[in-house]
Every structure is written in structure tokens, then in C-alpha cells.
Amino acid sequence: MQAFEKQSGIDHISSVSSKEEEPLLLHFERTLREQRTDPFERQKNPEEREVIENILRDMPSFVWSFGGKPVRNPTEANIHLIDTEKLSREQRKAIGAADVGGVYDIETQSAIVLPKEHSPLTTAQRIVHEVLHLNAFTSLSAREKPPPGRTPLAEVEGKKLFPRRIGFSVFDVRQTRRFFRNIDEAVIEELSARFDRQYFANIPALAQEIEKREQVRTRVGAGAEEIAAVTTVQEENGLWKTSIENWRYPKERGELRKLIGEIYQAHPGRFRSEEDVFSVFAKATLTGRLLEVARLVEATHGKGSFRRLGEET
Ligand SMILES: [Zn+2]
């Protein structure tokens, strides 16, 4: 089985010999297994545990279906739900303003997720998004001398480790720029929507919200797929307030969709649908092999266009 799975979120550490790489990879494997309770974390309720259990169970087949290599058995402990009550007022404000749903923390091998009040469905989507980051291709580089002014992500066995590749995105040598970041986020969020479509209907704790979403989607018609969740909350004055959550990264996903459309048009007969072109992007994000996308972009927009795209995104 080993070849089809990875032992932690890290696929590879470059600029060391394979003998030196081994203990470094082992460090991240241990980190993945030995999760600590975060000071800002809260207990999960039974519904949340059910949701997480389902997501982690279905994730490997989903990742395999796009040619990726899933992380072997992450557990509920790798998902940390933030207790906003434990945050300072400034931290709460910052989180609210940034529309942050969560973060994948490479150093601690954990998905830190901000649960959405009154919407287990939105919380589940945020968990899927971060767990996808964890499963996507990640490589680090070990540096003797860190680039000026940059702090390493981790220091293991005397080696300073810096991110090199995260999903579709690529870091420059000086660690000042991260190319293709928008594409990476767009692909991960699009994958989250597909995961939802494929598996969420089987999770009892989400049934009510999914039904509600279907009703609203049917009423809306065009653009209905953009609706990720619909929440209805009773306010203090007794009135019910309904709000609609859309999938995140709309601008980035719009640009990705445009590019996919252009590639599809420029290659008549090569793809059955735009969805097949999306799969090429998804595969690149999960495996770290960008060559096929690079070729498609260059064949569509000319030589040098892939590099330009990286700089723009
Ligand atoms: Zn993300």
C-alpha cells in the first residue's frame, strides 16, 4: 500500500541526500501522529465528530480519483476547531475581516478550522478545504543558510526547512514570492465543491442543511451552483434571518474557469468537457507535476505564458 499513500503531508525534501531526507520525513510523520490540543481549540460535538469521520474516510478515494497520494490515516486529532471565545477581540476582528475559514499548518501537520456558527455544512466545507491542502503535494527544501530575513518553517536535525512547493504553488529561492497561489486556492476550493457533491449527502448531520440548500438552488436557477450553504437563524427579536454562503475564492475561481475554457477551446477534440481540463489542474495540484498544465497553457497562449501566469497569480 505504501506507494499509494504518504506518511505525512510532506512528499519530499529537496537539497538533501535520501539518507538525510529520511529522518526529516519521519519527523513530520511523528508530528502528524502526535497532535497537541491547541490553546485556542474547543471540543468537538458528536455531530462534528461524525462529519469529520466521514470526511476522513472518503478522502483517500477522492484524492486517488485525481491521481493524488492521500496521507495515511489522519485522525480527528489533526483537525482543530477554533474556539472564538478564546481569541482576543483583535484576533476575532482580524478573522472576521479576512474571511478566513481555516488554515493548513505544515509545521504541526494540522488543519485549523474556524467553525461557522449555525452551519455545520459550512464548517464541513472548511474542513474539506484544509484537509485537501494537507493531501495536496508539498515539498520543502533544507537550507544551510536561510535567505536573508526569512524564518524557516521548522528546524529539524539542525536543518532549516523552507516551503518549496505547496499544491500548485511554487516558492522562489529567496522565499519572497509564491507563484500560482491563486490557482492553488481556486483548485482546492473547486475540489471542495466536488467533494461536497459526491459525499456530503451521506452524512446525516448535514442532511437538513443540504435539503435547504437544494430548495434555494432550485429557486435561484442560474448560478445556483455558487451557493455553498444557506443558514437560517432566529434573531433576538424572534425574526428568522436567512443568509447565503457562496463558495470562497470567487475571483480566483473565475480566472481559473476562464483559463480552462480557453484551453478547452484551443484543443478541439482533445477533451470531452471543460471538467476534463479541470481534472488536469487537480492532478497537478495533488501530484505536484505541473508539466502537463504548463504545456496546455503554452499551447493556448504562447511561449512564456505559463511563467507569466505564475507571476500574475
Ligand atoms: Zn486554502
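Counting convention: from 1, in listed order, for ligands and their atoms alike.
- Residues passing the salt bridge (charged side-chain N to carboxylate O under 4.0 Å, His left out) test with D105: none are found, sequence neighbours excluded.
- Partners of F306 by ring-ring contact (aromatic ring centres under 6.0 Å, His included), not counting sequence neighbours, listed by chain and number: F180.
- For the side chain to side chain contact (heavy atoms under 4.5 Å, CB included) test, residues two or more places apart in sequence or in another chain that qualify with A77 are Q35, T75.
- Under a cutoff of 6.0 Å and an axis angle of 45°, R194 and F278 form a cation-pi pair.
- The residue from H80, E85, E48 that alone fulfils the side chain to side chain donor-acceptor pair (under 3.5 Å) condition with R42 is E48.
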*Apply side chain to side chain contact (heavy atoms under 4.5 Å, CB included) to L256 and Y249, showing your working.*
CA-CA 10 Å; L256 173 67; Y249 297 103; over 6 Å; no
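- By the criterion of a separation under 2.8 Å, the protein N/O/S atoms near the Zn ion (ligand 1) amount to H129 NE2, H133 NE2, E185 OE1, E185 OE2.
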